[in-house]
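Given the structure is predicted, the values throughout are model-derived calculations rather than measurements.
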Amino acid sequence: QVQLFESGGALAQSGGSLRLSCAGSGLALRHYIMAWFRQGPGKERELMAVTNQWRSLSHYADSVKGRFTISRDNAKNMVYLEMNSLKPEDTAVYYCAAKATWESVRDAGTYPNWGQGSQVTVSS
């Protein structure tokens with residue numbers, strides 16, 4: 001059974017940092033494009049960061065560019081999202097997701113594999 005597990009969500013102060021982790025079970029993440037989405041209260045799920053299997057392609061939402069960094073450790077079957085200079089508007093449930101092809105990477109509907117989500121709350 002293919003599963004993704006996020007961890008690392010927490011309450012943080014504005015200006016602080018958090019690192020989210022995503023572990024894969026039943027699939028080798030090195031074969032997949034890996035992404036982090038978030039969904040805030042009353043909002044649609046939106047892409048924050050995505051990277052391809054070889055780390056040669058990546059994309060970040062404008063709202064997090066320069067503050068968030070996606071990375072992957074294929075040997076450990078893990079993907080990470082380093083979040084710095086956190087803002088209250090970063091408060092959301094963060095999800096990792098996996099797909100096989102780069103087409104439509106910003107579209108959540110194209111990802112067949114999702115984790116359960118990890119809550120990040122940033123206080124002002």
Side-chain angles (χ1 to χ4, degrees):
Q1 184 178 1
V2 173
Q3 290 184 300
L4 297 172
F5 300 95
E6 301 97 338
S7 61
L11 173 64
Q13 297 281 344
S14 181
S17 298
L18 285 174
R19 188 176 82 155
L20 301 181
S21 299
C22 175
S25 175
L27 76 169
L29 299 187
R30 66 181 182 275
H31 296 311
Y32 291 86
I33 290 158
M34 297 301 302
W36 287 95
F37 286 77
R38 73 183 182 193
Q39 188 166 16
K43 296 183 179 180
E44 293 187 355
R45 197 169 295 189
E46 60 177 335
L47 177 72
M48 293 295 101
V50 59
T51 185
N52 70 349
Q53 295 90 327
W54 309 280
R55 310 179 187 88
S56 59
L57 288 174
S58 64
H59 171 78
Y60 292 88
D62 287 344
S63 59
V64 304
K65 203 171 293 183
R67 299 190 298 122
F68 290 12
T69 303
I70 187 170
S71 62
R72 60 194 305 160
D73 186 333
N74 289 337
K76 295 183 178 179
N77 214 32
M78 298 286 292
V79 177
Y80 306 98
L81 185 67
E82 188 75 34
M83 304 185 294
N84 298 314
S85 302
L86 285 165
K87 305 175 181 180
E89 51 264 43
D90 294 322
T91 294
V93 178
Y94 284 73
Y95 300 88
C96 69
K99 63 181 292 187
T101 62
W102 192 255
E103 287 80 11
S104 303
V105 286
R106 302 178 191 181
D107 183 354
T110 65
Y111 289 77
N113 304 297
W114 290 88
Q116 80 288 352
S118 185
Q119 176 70 48
V120 171
T121 303
V122 183
S123 62
S124 57

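- Looking at Thr121, its side chain never comes within 3.5 Å of a backbone N or O of Thr91 through a donor-acceptor pair.
- In this structure, Phe68 and Tyr94 have tilted ring planes: the angle between them lies in the 30° to 60° band.
- In terms of heavy atoms, Leu47 sits closest to Ala35 at CD1-CB, 3.7 Å.
- In this structure, Val93 is not a member of the same hydrophobic cluster as Leu20, with clusters built from ILVMFWY side-chain heavy atoms closer than 4.5 Å.
- Linking Ile, Leu, Val, Met, Phe, Trp and Tyr residues whenever their side-chain heavy atoms come within less than 4.5 Å places Phe37 and Trp102 in a single cluster.
- One N or O on the side chain of Tyr111 and one on the backbone of Val105 form a donor-acceptor pair closer than 3.5 Å.
- Minimum heavy-atom separation, Val120 to Gly9: CG2-CA, 4.1 Å.
- Applying the side-chain contact (heavy atoms from CB on, under 4.5 Å) rule to Asp73 yields the partners Ala75, Lys76, Tyr80; only residues at least two apart in sequence or on another chain are considered.
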Stepwise, does the side-chain contact (heavy atoms from CB on, under 4.5 Å) test hold for Lys87 with Arg67?
CA-CA 10 Å; Lys87 305 175 181 180; Arg67 299 190 298 122; 3.8 Å; yes
May I have the step-by-step check of side-chain contact (heavy atoms from CB on, under 4.5 Å) for Asn74 and Arg55, ending in yes or no?
CA-CA 10 Å; Asn74 289 337; Arg55 310 179 187 88; 3.8 Å; yes
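- Note that CE of Met48 is 11.5 Å distant from CZ of Arg106, once rounded to the nearest 0.5 Å.
- No side-chain heavy atom of Gln53 sits less than 4.5 Å from a side-chain heavy atom of Arg30.
- Scored by the side chain to side chain donor-acceptor pair (under 3.5 Å) test, Ser58 finds no partners at all (sequence neighbours excluded).
- With sequence neighbours excluded, the residues that form a salt bridge (Lys or Arg N to Asp or Glu O under 4.0 Å) with Asp62 are Lys65.
- Scanning for side-chain contact (heavy atoms from CB on, under 4.5 Å) contacts around Ser7 gives Ser21, with sequence neighbours left out.
- In terms of the side-chain contact (heavy atoms from CB on, under 4.5 Å) criterion, residue partners of Glu6 (sequence neighbours excluded) are, by chain and number, Trp36, Tyr95, Cys96, Gln116, Ser118.
- Across all their heavy atoms, Pro112 and Ala98 have their closest contact at CD-O, 3.4 Å.
- Follow the hydrophobic side-chain contacts under 4.5 Å out from Met34 and you reach Tyr60 in the same cluster.
- Atom CG of Asn52 is separated from atom CD1 of Ile33 by 6.5 Å, given to the nearest 0.5 angstrom.
- Atom CG of Leu81 sits about 13.5 Å away from atom CZ of Arg72, to the nearest 0.5 Å.
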Show, in sequence, the C-alpha distance, side-chain angles and deciding distance for Tyr32 and Val79, and conclude whether the side-chain contact (heavy atoms from CB on, under 4.5 Å) test is met.
CA-CA 11 Å; Tyr32 291 86; Val79 177; over 6 Å; no
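- Linking Ile, Leu, Val, Met, Phe, Trp and Tyr residues whenever their side-chain heavy atoms come within less than 4.5 Å places Val50 and Leu57 in a single cluster.
- Met83 has its side chain out of reach of Asp90: every pair of non-hydrogen atoms, C-beta onward, lies at least 4.5 Å apart.
- Remark: side-chain polar atoms of Glu82 are not paired, donor with acceptor, to backbone N or O of Arg19 under 3.5 angstrom.
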Output, in order, the C-alpha distance, side-chain angles, deciding distance and verdict of side-chain contact (heavy atoms from CB on, under 4.5 Å) for Arg38 and Val64.
CA-CA 11 Å; Arg38 73 183 182 193; Val64 304; 4.0 Å; yes
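- Listed for the Asn84 side chain is no donor-acceptor partner under 3.5 Å among the backbone atoms of Ser17.
- Taking Ser25 as the reference, nothing meets the side chain to side chain donor-acceptor pair (under 3.5 Å) condition, with sequence neighbours excluded.
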